[in-house]
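Presented below is the structure to which this report refers.
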Amino acid sequence: MKKFESWEMDQYRLYLLGHLRDHHFPQFEDSKYIEQRTEAAYDTYVANALEGKSVSVAHELAMRTLLEGTFISRWDVIMQVIEEDLWLRIPEDSREQWAELFLELRFINSILDEYEVNGDFLERGSYPSLKTALLGEMTEILDGYGL
């Protein structure tokens, strides 16, 4: 039996897929995660609408449910360091490739693990020290490549 899907559910699913893809979250490949998160967002929307909240408020609360834990990815953190501090050393057309390269390196991931970088990391106050540690490692790598 085919499950009923509303227009809103389709919109939440598409938005989530785009967000996960654009920010390089590993959940992009996890269809079960996507379905669970989409259903939770839709349920939040319906519950708030039934409580009498406006459509825009119900939608905003649903979007918070949809994106919970996926606000900032490891890739976002690396790209932010590149764009804020290494923009003179890394040409604009190769920044995404460098970010992907950095994310494949064990010692970069060790730093990200040490600071427990996850989807809501920037809510914490430890970003400046994380940025300093990453910048040091990334600069050494670039020095090795002569950039």
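Side-chain atoms are counted along with the backbone in the values below, which use heavy atoms only and exclude waters and symmetry mates. We're numbering straight along the sequence, starting at 1.
A donor-acceptor pair shorter than 3.5 Å can be found between the side chains of Asp76 and Ser73.
Among residues two or more places apart in sequence or in another chain, the ring-ring contact (aromatic ring centres under 6.0 Å, His included) test is passed with His24 by Trp75. In this structure Asp22 satisfies the salt bridge (charged side-chain N to carboxylate O under 4.0 Å, His left out) test with no other residue, sequence neighbours excluded.
There is a path of hydrophobic side-chain contacts, each under 4.5 Å, that joins Leu105 to Val77.
Under a 3.5 Å cut-off, the side chain of His19 and the backbone N or O of Thr70 do form a donor-acceptor pair.
When all heavy atoms are compared, the tightest approach of Ala62 to Ala41 is CB-O, 3.2 Å. In plain terms, the two heavy atoms of Asn109 and Leu103 that are nearest each other are ND2-O, 2.6 Å. For Arg95 against Ile90, the heavy-atom pair with the smallest separation is NE-O, 3.1 Å.
Aromatic pair Tyr12/His59: centroids less than 6.0 angstrom apart.
Between Arg106 and Asp113 there is no salt bridge, since no side-chain N of the basic residue sits under 4.0 Å from a carboxylate O of the acidic one. Taking 4.0 Å as the cut-off between side-chain N and carboxylate O, Arg64 and Glu60 count as a salt-bridged pair.
Other residues, nucleotides and ligands contribute more than 12 heavy atoms inside 6.0 Å of the OH atom of Tyr33.
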